[in-house]
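Predicted model only: the values in this text are computed from it and were never measured.
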Amino acid sequence: MIRESINLLPILPMKRQSAASIASLASRFDCTFTLEAQNVILNAKSMLGLLSMALPESGDVVLCADGDDEAEAIRAMTDLVRRLTEEA
């Protein structure tokens, strides 16, 4: 299992396009992929879950990937979040 802290503040509140991009990317991997914040664990492959998640005001979340392609998944997701925050 790989855990990576990231900050989503620049893309909060999460809009449909950002949620779709995150869920679509997460779904490409076989590993389980979750976002964790304030004792809430969310499946990152669920666009509806991403849109309904109450994220902390700070925007700090932990990406967790567990499975054979976890390293590639974390790397791809951090790259995507970086691009989304630069566009915001």
Side-chain angles (χ1 to χ4, degrees):
M1 177 184 291
I2 298 176
R3 299 172 59 86
E4 177 88 23
S5 295
I6 62 168
N7 188 287
L8 299 178
L9 188 60
I11 59 172
L12 294 180
M14 183 134 350
K15 294 187 174 52
R16 186 178 52 187
Q17 183 66 29
S18 296
S21 296
I22 291 170
S24 176
L25 178 68
S27 295
R28 294 180 192 158
F29 296 95
D30 293 327
C31 65
T32 58
F33 215 135
T34 58
L35 291 175
E36 300 178 7
Q38 298 176 333
N39 297 322
V40 174
I41 299 173
L42 172 75
N43 181 356
K45 297 178 181 182
S46 168
M47 183 176 159
L48 184 59
L50 290 167
L51 289 171
S52 65
M53 183 179 187
L55 293 170
E57 288 182 22
S58 67
D60 293 325
V61 298
V62 177
L63 287 175
C64 295
D66 189 18
D68 292 336
D69 54 357
E70 62 190 22
E72 183 183 353
I74 289 287
R75 203 170 25 256
M77 188 61 71
T78 55
D79 288 345
L80 173 63
V81 169
R82 187 177 321 110
R83 285 193 311 273
L84 291 172
T85 56
E86 288 172 358
E87 294 171 3

task = Kindly give the heavy-atom pair with the smallest separation between N7 and T85, and that separation in Å.
result = O-CG2, 4.4 Å
query = Looking at L50 and A23, what are the two nearest heavy atoms and their distance?
reply = CD1-N, 3.9 Å
D79 side, atom CG; I74 side, atom CD1 - distance, nearest 0.5 Å = 11.0 Å
query = Looking at residues at least two apart in the chain, or sitting in another chain, which of them share a side chain to side chain contact (heavy atoms under 4.5 Å, CB included) with A44?
reply = A26, F33, L35
inquiry  = In this structure, would M77 and I2 fall into the same cluster of hydrophobic residues linked by side-chain contacts under 4.5 Å?
reply    = yes
ask   = Once you round to the nearest 0.5 Å, how far does OG1 of T78 lie from CZ of R83?
value = 9.5 Å
task = List for me each residue that meets salt bridge (Lys or Arg N to Asp or Glu O under 4.0 Å) alongside R3, sequence neighbours excluded, and say none if there are none.
result = E36
ask   = Any sub-3.5 Å donor-acceptor pair from D60's side-chain atoms to S5's backbone N or O?
value = no
Spacing of CD belonging to E70 relative to CG belonging to L63, to within rounding of 0.5 Å = 12.5 Å
ask   = Rounded to the nearest 0.5 Å, what separation is found between the OG1 atom of T34 and the CG atom of N43?
value = 8.0 Å
ask   = Residues in side-chain hydrogen bond (donor to acceptor under 3.5 Å, both in side chains) with T32, at least two apart?
value = none
message = Going by the rule salt bridge (Lys or Arg N to Asp or Glu O under 4.0 Å), which residues pair with D66 if we only count those two or more places apart in sequence or in a different chain?
response = none
Smallest separation among heavy atoms of C31 and K45, with atom names = O-NZ, 2.9 Å
request  = Can you tell me which residue pairs pass the salt bridge (Lys or Arg N to Asp or Glu O under 4.0 Å) test with a partner in residues 20-33, sequence neighbours excluded?
outcome  = none
Just distance, no hydrogens or angles: give the donor-acceptor pairs under 3.5 Å from side chains in residues 8-20, sequence neighbours left out.
none

ask   = Should I22 and L84 count as side-chain neighbours, where that means a heavy-atom distance under 4.5 Å?
value = yes
